[in-house]
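Remember, it's 1-based here, ligands and their atoms both numbered in the order they're listed. We count residues from 1, following the sequence as given.
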Amino acid sequence: MKYLNQHAIITGGSSGIGKATAKLLAQQGANISLIARDRPKLEIAQQEIVAATVNLEQKILIFTADVAQQPAIQTAIQTAIAQLGSPELLITSAGIAYPGYFAELSLKVFEDTMTVNYFGTLYSIRAALPAMEQREQGNIVIISSGAALIGIYGYTAYCPSKFALRGLAESLRGELKPKGIGLTVVYPPDTDTPQLAAENKIKPIETKTITATAKTWTAEAVAQQIIQGVALGRFVVTPGTELTILNRFHSLLAPLLNWYFDRIVKKMNNE
Ligand SMILES: NC(=O)c1ccc[n+]([C@@H]2O[C@H](COP(=O)([O-])OP(=O)(O)OC[C@H]3O[C@@H](n4cnc5c(N)ncnc54)[C@H](OP(=O)(O)O)[C@@H]3O)[C@@H](O)[C@H]2O)c1
């Protein structure tokens with residue numbers, strides 16, 4: 001049990017990928033702090049995760065905070081650390097996605113998406129880092145997206161926020177390494193979660209057609225890849241062959257993919 005008595009803090013831990021990862025960590029003996037905005041949803045997740053624990057000593061705590069509000073997320077993470085100790089893992093999974101046509105999305109959607117996905121991750125890392133630095137141990141896991149590896153039609157608000165996380169991960173990794181702190185950035189593919197279901201209701205038809213070509217993963221399978229990747233000390237986790245190839249060769253593949261996407265969009269517009 002790799003995480004026996006270790007503390008894992010998971011933003012966005014009440015649903016989808018964050019919750020599935022919390023369950024796997026509970027099975028490995030971890031004490032877990034789940035952070036999200038909606039308390040009833042957190043309480044349901046807490047019950048599910050308690051059911052996955054393997055000993056009576058394990059603690060599964062919940063904290064309500066909006067990651068976009070720096071003082072709130074800082075307080076939540078500091079309280080979690082005061083109760084369960086410096087985190088062995090900080091997983092930043094809280095995120096939002098609103099697909100739509102660029103000209104039709106309100107500026108607020110662009111601003112909110114960047115604030116939650118990028119700054120929410122940044123604020124969480126800043127809040128947990130001092131404790132990790134003091135202990136000279138810990139791993140930060142940033143949940144970005146496959147949409148950080150290539151721009152996708154209809155995702156003009158979401159892709160830049162996930163690209164920004166890629167930049168943060170790539171520039172921060174080297175600073176943390178000498179301090180004994182690991183960093184992993186995850187680029188999940190389409191994953192069957194409430195977020196994806198909500199996106200599917202509002203995606204432009206072109207986006208639906210483009211994204212329909214990719215396989216949808218389960219949150220459990222993505223969580224498994226995250227835990228394995230962290231255990232192996234991987235900097236990048238790309239579940240599946242398609243994203244692994246895209247991550248390695250995106251600059252070479254981008255012209256071909258853009259040609260393919262344009263062909264789909266043209267076909268849609270002619271219909
Ligand atoms: N599903 C996919 O296809 C997919 C693919 C690639 C990447 N991702 C990324 O994976 C991460 C998890 O997504 P998911 O699909 O698992 O989504 P999900 O099931 O909707 O879960 C999102 C979680 O984030 C929390 N959250 C959202 N906004 C928040 C905020 N401002 N402050 C605090 N917590 C917040 C939600 O709880 P509350 O709403 O109660 O706050 C929930 O716990 C996201 O960063 C997403 O962009 C998802």
Side-chain angles (χ1 to χ4, degrees), residues 9-23 32-46 48-49 62-77 80 91-99 109 111-124 127 141-150 152 155 157-166 168-169 185-201 203 207-208 211-212 214-223 225-226 237-240 242-243 246-247:
I9 299 178
I10 308 178
T11 72
S14 65
S15 178
I17 295 170
K19 186 171 79 175
T21 309
K23 276 190 199 161
I32 299 169
S33 297
L34 306 173
I35 304 175
R37 292 164 303 176
D38 185 289
R39 186 148 197 108
K41 219 162 70 180
L42 273 169
E43 284 168 354
I44 293 168
Q46 183 184 33
E48 288 179 37
I49 293 157
I62 54 174
F63 300 89
T64 48
D66 182 344
V67 295
Q69 305 292 328
Q70 191 273 335
I73 186 63
Q74 171 145 341
T75 301
I77 288 180
I91 302 175
T92 61
S93 191
I96 54 170
Y98 292 99
V109 166
E111 290 161 1
D112 286 352
T113 307
M114 191 55 94
T115 310
V116 172
N117 293 359
Y118 177 67
F119 284 104
T121 300
L122 181 84
Y123 298 152
S124 303
V141 182
I142 296 176
I143 310 297
S144 177
S145 170
L149 300 175
I150 185 135
I152 300 170
Y155 278 107
Y158 182 71
C159 283
S161 71
K162 295 295 184 176
F163 269 66
L165 287 177
R166 186 170 134 211
L168 177 66
V185 57
V186 185
Y187 299 115
D190 269 358
T191 308
D192 186 12
T193 67
Q195 178 176 299
L196 185 66
E199 286 170 50
N200 283 337
K201 288 188 192 143
K203 270 180 190 170
T207 312
K208 262 191 197 144
T211 54
K215 171 190 149 193
T216 299
W217 283 56
T218 63
E220 290 70 28
V222 171
Q225 295 272 314
I226 293 170
V237 171
T238 45
E242 287 160 3
L243 286 183
L246 188 58
N247 177 51

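- The closest donor-acceptor contact from the side chain of K162 to the backbone of I143 lies under 3.5 Å.
- Ligand-side atoms of ligand 1 in range of D66: 30 (C), 31 (N), 32 (N), range being under 4.0 angstrom from any heavy atom.
- One finds the CG atom of L122 at 11.5 Å from the CD1 atom of I73 (value rounded to the nearest 0.5 Å).
- The shortest heavy-atom distance from T11 to ligand 1 is not under 4.0 Å.
- Scanning T193, I17, T21, T191 for the heavy atom closest to atom 48 (C) of ligand 1 points to I17.
- Heavy-atom contacts of A94 reach the following atoms of ligand 1: 24 (O), 26 (N), 34 (N), 35 (C), 45 (O) (cutoff under 4.0 Å).
- For the ligand labelled ligand 1, residue K162 lies inside the 4.0 Å heavy-atom shell.
- With rounding to the nearest 0.5 angstrom, the OG1 atom of T218 is 10.0 Å from the CD1 atom of I17.
- Ligand 1 lies less than 4.0 angstrom from a heavy atom belonging to A65.
- In this structure, Y158 is part of the shell of residues with a heavy atom less than 4.0 angstrom from ligand 1.
- Each of the following atoms of ligand 1 lies closer than 4.0 Å to a heavy atom of D38: 40 (O).
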*asked:* Between L196 and K203, does the side-chain contact (heavy atoms from CB on, under 4.5 Å) criterion hold? Intermediate values first, please.
replied: CA-CA 10 Å; L196 185 66; K203 270 180 190 170; 4.2 Å; yes
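- D112 CG to Y98 OH: the interatomic distance, rounded to the nearest 0.5 Å, is 8.0 Å.
- Residue S93 places a heavy atom under 4.0 Å from ligand 1.
- Looking at ligand 1, you won't find any N or O of P188 less than 3.5 Å from one of its N or O atoms.
- Here the protein heavy atom with the shortest distance to atom 32 (N) of ligand 1 is V67 N, 2.9 Å.
- The protein atom (non-hydrogen) at minimum distance from atom 10 (O) of ligand 1 is I143 CG2, 3.4 Å.
- Distance alone, capped at 3.5 Å, places no donor-acceptor pair between the D190 side chain and the K215 backbone.
- For ligand 1, the atoms closer than 4.0 angstrom to any heavy atom of K41 are 37 (O), 38 (P), 39 (O), 40 (O).
- Annotation: F63, atom CZ; neighbour count of heavy atoms from other residues, nucleotides and ligands within 6.0 Å is above 12.
- Taking all heavy atoms of E199, Q195, R37, K19 into account, the minimum distance to atom 13 (O) of ligand 1 is reached by Q195.
- The backbone N or O of T193 lies less than 3.5 Å from no partner atom in the side chain of T191, so there is not a single donor-acceptor pair.
- The protein atom (non-hydrogen) at minimum distance from atom 5 (C) of ligand 1 is P189 O, 3.2 Å.
- The distance from atom OG of S15 to atom CD1 of I44, rounded to the nearest 0.5 Å, is 10.5 Å.
- Listed by atom number, the atoms of ligand 1 under 4.0 Å from S14 heavy atoms are 37 (O), 42 (C), 43 (O).
- Heavy atoms of A219 found under 4.0 angstrom from ligand 1: none, in either backbone or side chain.
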*From CA spacing to verdict: side-chain contact (heavy atoms from CB on, under 4.5 Å), T238, L246*: CA-CA 9 Å; T238 45; L246 188 58; over 6 Å; no
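- Ligand 1 places these atoms under 4.0 Å from at least one heavy atom of G16: 16 (O), 19 (O).
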*Start with the C-alpha gap between V185 and R166, add the side-chain angles, then the distance that decides, and say whether side-chain contact (heavy atoms from CB on, under 4.5 Å) holds.*
CA-CA 7 Å; V185 57; R166 186 170 134 211; 5.5 Å; no
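- If you check which protein heavy atom lies closest to atom 22 (C) of ligand 1, you get G95 O, 4.1 Å.
- The residue from A97, S145, S144 that puts a heavy atom closest to atom 9 (C) of ligand 1 is S144.
- Atom CD in Q70 sits 13.0 Å away from atom OG1 in T115 (nearest 0.5 Å).
- Atom 25 (C) of ligand 1 has G12 CA, 3.6 Å as its closest protein atom, hydrogens excluded (heavy atom only).
- Ligand 1 is never approached by A147 to a heavy-atom distance shorter than 4.0 Å.
- Distances below 4.0 Å separate heavy atoms of P194 from the following atoms of ligand 1: 19 (O).
- In this structure, E242 places its CD atom where only 12 or fewer heavy-atom neighbours from other residues, nucleotides or ligands lie under 6.0 Å away.
- To the nearest 0.5 Å, atoms OG (S124) and CD1 (I9) are separated by 9.0 Å.
- Looking only at heavy atoms of the protein, atom 19 (O) of ligand 1 is closest to S15 OG, 2.6 Å.
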